[in-house]
Each structure stands twice: as C-alpha cells, then as structure tokens.
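These notes concern the structure reproduced below.
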Amino acid sequence: MIKVTLKDGKIIEVLENEKVIKVVKDISPSLAKQSVACKLDGVLADLSTVLTKDVNLEIITTSDKEALEILNHSCAHLLAEACKRLYKNVSYGVGPAIEEGFYYDMALPKQITLEDLPKIEEEMKKIVKENEPIIHEVVTKEEALDLFKNDKYKTEIINEIEDSHVSVYKQGEYADLCRGPHVISTGVLKHFKLLNVAGAYWRGDSNNEMLTRVYGICFFTKEELDNYLKLVEERKLRDHRKIGKDLDLFMISEYGPGFPFWLPKGMLLKNALVDFWMDIHTKAGYQFIQTPTMLNKELWEISGHWYNYKENMYTSTIDDKEFAIKPMNCPGGMLVYKNQIHSYRDFPLRLAELGSVHRHEASGALSGLFRVRAFTQDDAHIFMTEEQITDEIANIINLYKKVYDVFGLSFTIELSTRPEKKYIGDIKIWDKSEKALALACEKAGFSYKINPGDGAFYGPKLDFKLRDSMNRIWQCGTIQLDMNLPERFDLTYIAEDGTKKRPVMAHRALFGSLERFIGIITENYAGNFPVWLAPYQVRIIPVSDSQKEYANKVKEALVNEHIRTEVDFRDEKLGYKIREAQTKKVPYFLVLGAREAENNTVTYRKHGSDEQVTMTLDEFIKFLLNEIKELH
C-alpha cells in the first residue's frame, strides 16, 4: 500500500500501481466525472498515471484554470488524428493550446481552406464517438526516431532533445511528441469548433517552409461553445478594417501594402489620441524629442541592429554611403543623450518620442492596422541611477494604468527574465534588475506572472497584456531594462562623487504602436468612440436651406471651443441625414429648424438614443465640454 495525501490534508491508502482515475472514482464518482487531470507532488499529470510511491495528489477539475488548456491541447491532437485519416503523408509541426483554443501546424499534401473544415470536423466527431483512450508512453530517442521517421519536423525536434528518453502520446493510429498532460480519452472532446486556416512558417522563421495552421477551440459544455461562437460573430462585426472603411478612417492601397493611408476623419481620431498622449506625458515629467527617419549604417552597426535585424530594415544609398530607415527609435535617442554632458541631478531623464518607424514584415502577416510596415511608435527612453529603478518603474506602471483605465482596458503584467543562453551582461546585474522590476510591480500594487527565460538578450522586461470588451488579449505596453545600448554607445553621467558612471536605461512604449492601438480601441468600442476621441464630435443637420446661416453660426461657436464639428448641407431628405449620422456613429447630432434658429437653441440627439433634447447653444457647449472633460 502507498499513502496519498489529498489537497485538504486527508491521507488515504491505495494499492501500489493503482491509476489516479481509479483512486478518484473511489473517492467520489461525481468527482471523477468532473476530473480532467491531476497534480502529483505539484506536477501536472494524466489521470491514467500509475501511482508507485507515496504522493501528494491534487485533482484538476473542469472548474480549474489549467483544465481548459489541457482540454484544448488534447483537441489539437484530435484535429491532427483526423487529418491523418483524411490526408496521406501529413507531417506535423506543433499543436499547442493558446489563449483561446488551440492550433496545429501541418504540412498537408493539398492546400485546405475554410470550406474543408466541416469535413475535418466530421472526422473529429467520429473519433470522439470511438472514445479512443489517450495513452502516455516514455520511449528512447532511438525508438522515437523510428516512430516518427517519416515526419521530418518531429525528427528535427527529437534530434534537439538532450535527454535519452522522449514523452509520446498515442490515440488510435496517431502518435505525437508531447509532454502532456491530456484528457483520458477522445470521448471527452465533444464540444469543439474549427475556426480558421492560415499559413505559418515552421518555427516562425521566414526562411523555413510555410505550413498550414488550423485554429480551433474546445469547451466542456455545449453552452460554453455556443456562447463563444456568438462572441466570435460579434467580433466579426467589430472588425476594425470594416469599421475603418465604414467610418472613413483609413485605407490600404495596392501601391503600398502594409503602409496605411490616414483619411481626414482618421487623422482627427489619431490627432486626438496624440494630444491625449502629449498631455498626460507632459504632466508626468517627460520631455519630447524627434529623431531622423533615416540614419547611417554605422549607427545601426553600433546599436547591433544591422547584424540582428537587417532583413527587416529598408535601406538606401546616399552620397555613396549606406543608410537605413529606422525600425525603432532607440539609436537616435542614444545620440540625443550623448549630445550633452549629464549629471545625476538630471535623473530620471525621461525622453519621449512619437517616432515613425518602418519594418519589412512578411506580406502574409499584414493585417489592417494590427500588422503594418509603417507605424508610429510611442517610445520613451528613461535614464536613471540604479537606486531610482524601482520608483521610476513603479511610476511608469501607474501611468500605464491611468491611461488604460481611460479606454476601459484591464491588464495583467508578465515579468520576462534572463534567457538561458543568449544574453549579455553579468548574471548579478540581471538578478538585481529582475528583482527591481518585481519590487516596482509590488510598489505600484500589481501582481505579476513570471515568464522565465523570455527577456530580451539585453535585459529583463515587463509586458502588459490588455483585455478588451471582447475578452481578447493584446500585447501593447512594455518596459525593458537595457544593459546593451548604454555600453555600446558609451553613455555616461557625472555621479555625485564626481566620477563617470554608466546610466541605467529603460525603454518603454505605452500604446506600442498608435496604428495597432487605434485598431484595438476601434474594435473595443465597435466604432462608438467616446466623445473626446471621436473624429467628429458633433454633426449639424439643418432642416432646410433657410437654416444654413444659423448652422454655420453654431458650427463656428463649437469650433471656437475646439469641438470637432461638421455640417451636412447635402441635398438629401432629413430622415436620410439623421439615419446616416447614426450609422457614422457621430456622438451628437443637432437638428436645426426654424424654431432653433429663432430662439438661438439647438436640439440634439445622442448616438444610440431616440431622446431629443433642446437647450440654448451656450448650454449645449457647456454640457459637451463637461462631458469631454469627464471622459478624458
């Protein structure tokens, strides 16, 4: 007999070599029905695991956060098995669970499209009905190489594994390299849906083959799946590309793939966002700079970008010298710092820049404003002493919260630590920097998740994961400590004792990219921008030409108060103009007839409301300015 300690501290005795699922059934048959996996001494494992020694056992049920990830990872294998049945000579890349669902990258003998997904789903449903057991095996590397000898991607992965043994999962005639854990059988995977097909380079490297990536999602209940699919349809209606076209915000031309054109209304929106950004940074003690868009190759060699990022940079020759358009603002910021001597009294020195940057993204990766080749990066480089790191990073975190709250975006923080191999700098400095970032989060009152080994080669970082109204996660804000550029550019400051020292430098971007952030908030608001941000805040609709003069007077009064206003003088019916004002999602529209002109009043209607309110022009201006102030 062996002793099993349960989560509540209770100890039970079970037979040696008993499977976990049998132990759970003996505890409670109803608990077994809700069980997905387990933790043995804190390590995730399958319910089919055999117990061979005394152990602490924790049951993972459908209500636990790990359960949905395990379910979706198992459904990725279900997808792969179905494709193995339907198509010959399939080679498999990887098939992980992701934030929402799963995907599997495969090399298929034919190109598949969205129209092929129902056929694959039908085969998946057959496998679910067959209720195949999902079996975990540990085999030698030699056995694994033989098992996957016809799959070059799995073979490549196996050859990179340093251990002598490999973890494999089997179901039916399908086998996969995987650490697991997985659900106990395919019969658990009843409520799934395949969502999309895309291309993906093997291991994310554009020099490798393009594989077919199939996305899907799985839930424990039909109700959860149905609710999610409704959410997907709502997201389609909120697609920023559709809304951007409907509201005349931006366009993409075939003459410039990935280079957005901002239309007049889009520029009003973008400028409103920039004004907000400038105001909040001015109040936070930032100074503003602007660096050139194109700089000499030598600068990019000093920064290291020429050797590590050249394939993503646009270059040109000027006066027989090679130049590059900047893919990021950092090297220019270093030159600004070096332009004069700095003292510790200058610190923290906060230099912010709305820099226009260009990156050569793969054409297949371009997507509206989310992935472009030219964008505005809201950068800042902050120079400080080691003693100032915690306080300054805490200040930045609080600034981010203040801004994200304005847009109704919640967030979580991930602390990415030193990579295992490719990193620069002393480990002691890394440890100190990581501790400073952690302390800054705590000082600002935020918890954080450790993302081990995912820091940049030049320093640890904090990543801000935003959640929008559609429950999607976006990576926007980041704060990175840099041990590389201050050294490469020989940045120094005069310390309190009169000696020269190297400053600590932080990169930080709040929006990340203005273009991408505008895409995110366009979908977050479904185009119904708050009045302070809307391209036009007011549209004036005169009932007839007789009110043209009064309409212009009202417009002038509003514009003088910096209220963005347009007048609809088109020769269209009044009802049509009102409906279009609603369609274009203008926050307020004013209907001006003879009575309004005579009494110096306006009758307004707010977007989404049928209520009409009449007040004096002065009252309306005061009312609107108060609303803008409250929201901004």
Side-chain angles (χ1 to χ4, degrees), residues 67-87 90-125 127-128 153 174 176 178 182-183 186 188-206 208-220 222 224-242 361-368 370-371 465 467-468 470-475 519-520 523:
L68 201 58
E69 182 177 342
I70 294 167
L71 184 78
N72 276 276
H73 191 180
S74 300
C75 203
H77 284 211
L78 176 65
L79 163 65
E81 182 182 4
C83 288
K84 182 179 177 67
R85 288 187 177 187
L86 292 171
Y87 307 104
V90 182
S91 293
Y92 296 97
V94 293
I98 54 178
E99 176 69 27
E100 288 189 358
F102 62 88
Y103 68 76
Y104 215 118
D105 290 343
M106 298 171 278
L108 297 165
K110 58 162 282 188
Q111 184 176 357
I112 66 170
T113 65
L114 291 173
E115 286 69 32
D116 294 300
L117 298 187
K119 181 174 73 171
I120 299 173
E121 286 179 341
E122 285 305 312
E123 194 64 38
M124 292 170 70
K125 289 175 183 176
I127 299 170
V128 170
Y153 304 112
Y174 171 76
D176 205 345
C178 190
H182 286 282
V183 297
T186 59
V188 179
L189 308 170
K190 296 176 182 177
H191 309 293
F192 66 86
K193 182 69 179 174
L194 298 184
L195 301 170
N196 202 4
V197 178
Y201 291 112
W202 169 233
R203 294 192 155 179
D205 188 339
S206 60
N208 291 335
E209 303 96 324
M210 177 74 78
L211 304 181
T212 299
R213 176 172 292 181
V214 179
Y215 288 93
I217 198 160
C218 189
F219 290 95
F220 288 106
K222 183 177 183 300
E224 289 174 306
L225 177 61
D226 289 344
N227 288 338
Y228 177 80
L229 295 178
K230 289 177 184 176
L231 187 63
V232 169
E233 291 305 310
E234 174 66 18
R235 289 176 181 175
K236 289 178 182 177
L237 295 175
R238 290 174 178 247
D239 190 314
H240 77 283
R241 292 166 295 187
K242 177 182 182 300
E361 300 283 359
S363 58
L366 301 177
S367 175
F370 288 159
R371 183 62 67 89
K465 308 287 187 178
R467 188 177 294 275
D468 68 8
M470 292 284 95
N471 205 37
R472 289 171 298 188
I473 301 296
W474 303 95
Q475 166 65 61
I520 291 169
E523 297 192 1

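As the structure is a prediction and not an experimental result, all values here were calculated from the model.
- Between the CG atom in L86 and the CD atom in E81 there is a gap of 10.5 Å [rounded to 0.5 Å].
- Nearest heavy atoms, L71 versus V188: CD1-CG1, 4.0 Å.
- With sequence neighbours excluded, no residue forms a salt bridge (Lys or Arg N to Asp or Glu O under 4.0 Å) with K84.
- A salt bridge links K125 to E122: at least one charged side-chain nitrogen sits closer than 4.0 Å to a carboxylate oxygen.
- Among the candidates L195, L108, L117, the single residue satisfying the side chain to side chain contact (heavy atoms under 4.5 Å, CB included) test with V214 is L117.
- When all heavy atoms are compared, the tightest approach of E523 to W474 is OE1-CZ2, 4.4 Å.
- For the pair E121 (side chain) and L194 (backbone), a donor-acceptor distance under 3.5 Å is present.
- In this structure, N196 CG and Y103 OH are separated by 13.5 Å, a value rounded to the nearest 0.5 Å.
- Nearest heavy-atom pair, L211 versus A107, reported as atom, atom and distance to 0.1 Å: CD2-CB, 3.8 Å.
- Counting heavy-atom neighbours within 6.0 Å of K222 NZ, excluding the residue itself, gives a total of 12 or less.
- Checking Y153, W202, Y104 one by one against Y92, the ring pair (Phe, Tyr, Trp, His ring centres under 6.0 Å) holds for a single residue, Y104.
- Distance alone, capped at 3.5 Å, is enough to place a donor-acceptor pair between the N72 side chain and the C218 backbone.
- Nearest heavy atom pair, residue R213 against residue Y215, reads CD-OH, 3.1 Å.
- You'll find the side chain of Y228 stays beyond 4.5 Å of the side chain of K193, heavy atoms only.
- In this structure, CD1 on I120 lies 11.0 Å from CG on L78, to the nearest 0.5 angstrom.
- Contact check for T212 versus Q111: no side-chain heavy atoms found under the 4.5 Å cut-off.
- The pair E233-K236 counts as a salt bridge, with a side-chain nitrogen and a carboxylate oxygen less than 4.0 angstrom apart.
- Here the straight-line distance linking atom CG of L79 with atom CZ of F192 works out to 9.0 Å at 0.5 Å rounding.
- Residues R235 and N471 have side chains in contact (heavy-atom distance under 4.5 Å, counting atoms from C-beta outward).
- With rounding to the nearest 0.5 angstrom, the NZ atom of K190 is 14.0 Å from the CG atom of L225.
- Scanning both residues, T113 and E115, for their nearest heavy atoms gives OG1-OE1, 2.8 Å.
- With salt bridges taken as basic N to acidic carboxylate O contacts below 4.0 Å, none links E99 and K465.
- Nearest approach of M124 to A82, heavy atoms of both residues: CG-CB, 3.5 Å.
- The distance from the CD1 atom of I520 to the CD atom of Q475 is 9.5 Å, given to the nearest 0.5 Å.
- R85 places no side-chain N or O within donor-acceptor distance of the main-chain N or O of E123, the cut-off being under 3.5 Å.
- Using bins of under 30°, 30° to 60° and over 60° for the plane-to-plane angle, the ring pair H77/H182 lands in the tilted bin.
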Take Y87 and D116 through the test side chain to side chain donor-acceptor pair (under 3.5 Å) and record every step on the way to the result.
CA-CA 12 Å; Y87 307 104; D116 294 300; 4.6 Å; no
